[in-house]
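What follows is a set of notes on a single structure, which appears directly below.
Note on naming: letters A, B, ... go to the chains in the order of the sequence lines (proteins, then strands), and numbering restarts at 1 for each one. The model shown is predicted, which means the values in this text are computed figures rather than measured ones.
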There are 2 protein chains.
Amino acid sequence: MLSNSSKYAIKGVLYLALNSDEDHKVMVRDMHGVVHVPEAYLAKLLQELSRHGVISSTRGPRGGFFLSKEDRKRSLMDIVKVIDGEKRVKSCVLGVKDCDTDQPCVLHKLVGANKSKFIKVLENTTILDLIEGKRDVEEFFPV
Amino acid sequence: MLSNSSKYAIKGVLYLALNSDEDHKVMVRDMHGVVHVPEAYLAKLLQELSRHGVISSTRGPRGGFFLSKEDRKRSLMDIVKVIDGEKRVKSCVLGVKDCDTDQPCVLHKLVGANKSKFIKVLENTTILDLIEGKRDVEEFFPV
DNA sequence: AGATTAAAAGACATTTTTATCCTTTTTATG
DNA sequence: CATAAAAAGGATAAAAATGTCTTTTAATCT
């Protein structure tokens, strides 16, 4: 659903949101400890975000990463899109391939469509619940 | 959130739910095409599930995998537990480490607690929304 | 201008996940 | 009892994700 890289990136941006602006840039060296992400790896992720215009940065002395006013209007999805790609996040919880919100598989209705009561569904739905009233294999495996 | 392996396993079990019982066992050879999982890999996963008593199997001629009446009462979580381990599934969407349902981080309230309106939250929540009213870094990074 | 600082970029290493192959064990059946 | 069918198990391979290191480029300060 979300790669660690995306989680790292979100944490990083969150840190920047709290600790930076145009006049107070932040070096990776100073933030990686707080967000618990390996320094070089965090640097890479932030560079990628910067390259895609999701966050801002300048090089050289007094340089670093920061969020502009505009940057702060970005959604978390904007971050995730850059790191994981949209497809990965939106993909069906079960569909390894072509199932998504537009073309949902049968399980989608249960766990996918509202991809978020997911844990509860996993715990409370038995195999029996799943298949009741259904005998057609094709219904479950559209792809 | 869910590994492909778990998705594969769920699909496999689903297939068994639809196509097997004590008297009609199913060989991996006959099911892997339908569920779109590599034969040898699916075999491994089903073996693992069988070893943990989540599904049933017998060897030899006319053998194969199947679901007993009891097996059908299992939850999807039972499957996922075996393949991914409980920790992985329950882990916080953002917490790479110790954040979970019991000790939620701040983002948890937003995306984690109801880990399922997640996509919508991602799309609709801006950085600004996230930090409004908060200036304390520690609040965001408990671990 | 020159030295220094910090991100950008890209090559390389490690680990985890996914996938395959091959041998062994079990078991039904003729 | 021999044979063949099928899962079980182990070793290995490939791919993807994660992580590190080194060099290059740009900004700043003296």
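Judged purely by atom type and a 3.5 angstrom limit, A:S20 uses its side chain to pair as donor or acceptor with the backbone of A:L67. At distances below 3.5 Å, not a single donor-acceptor pair connects side-chain atoms of A:R62 with backbone N or O atoms of A:H24.
Paired with B:I83 under the rule side chain to side chain contact (heavy atoms under 4.5 Å, CB included), one option of B:N4, B:L49, B:I10 passes, and it is B:L49.
Between the NE2 atom of A:H32 and the OH atom of A:Y15 there is a distance of 11.0 Å, given to the nearest 0.5 Å. Taken from CD in B:E48 to CD1 in B:I55, the straight-line distance is 10.5 Å, to the nearest 0.5 Å. Here the straight-line distance linking atom OG of B:S5 with atom OH of B:Y41 works out to 2.5 Å at 0.5 Å rounding.
In this structure, the CG atom of B:N4 is 11 Å from the P atom of D:dA16, given to the nearest Å. Taking atom CG of A:L16 as the reference point, atom P of C:dA7 lies 11 Å away to the nearest angstrom. B:F66 has its CZ atom 11 Å from the P atom of D:dA7, to the nearest Å. Distance, B:I55 CD1 to D:dA8 C1': 13 Å, rounded to whole Å. Protein atom CD1 of A:I83 is 13 Å distant from nucleotide atom P of D:dA17, rounded to whole Å. Here D:dT18 presents its P atom at 18 Å from NE2 of A:H32, a figure rounded to the nearest Å.
Annotation: side chain of B:D21 is in contact with side chain of B:R72 (closest heavy-atom distance under 4.5 Å). Side-chain atoms of A:I79 and A:R74, non-hydrogen and from C-beta on, never get closer than 4.5 Å to each other. Using a 4.5 Å cut-off on side-chain heavy atoms (C-beta onward), B:F66 and B:L16 make no contact.
Nucleotides of DNA chain C nearest to A:V28 and B:S5 differ in position, and the one nearer the 5' end is that of A:V28.
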Pairwise N/O distances under 3.5 Å, protein to nucleotides 28-30 of chain D:
none

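Within the nucleic acid shown, B:V26 comes within 4.0 Å of sugar-phosphate atoms alone, with no base atom in reach, counting heavy atoms only.
DNA chain D lies under 4.0 Å from at least one heavy atom of each of the following residues of residues 38-54 of chain B: B:K44, B:Q47, B:S50, B:R51.
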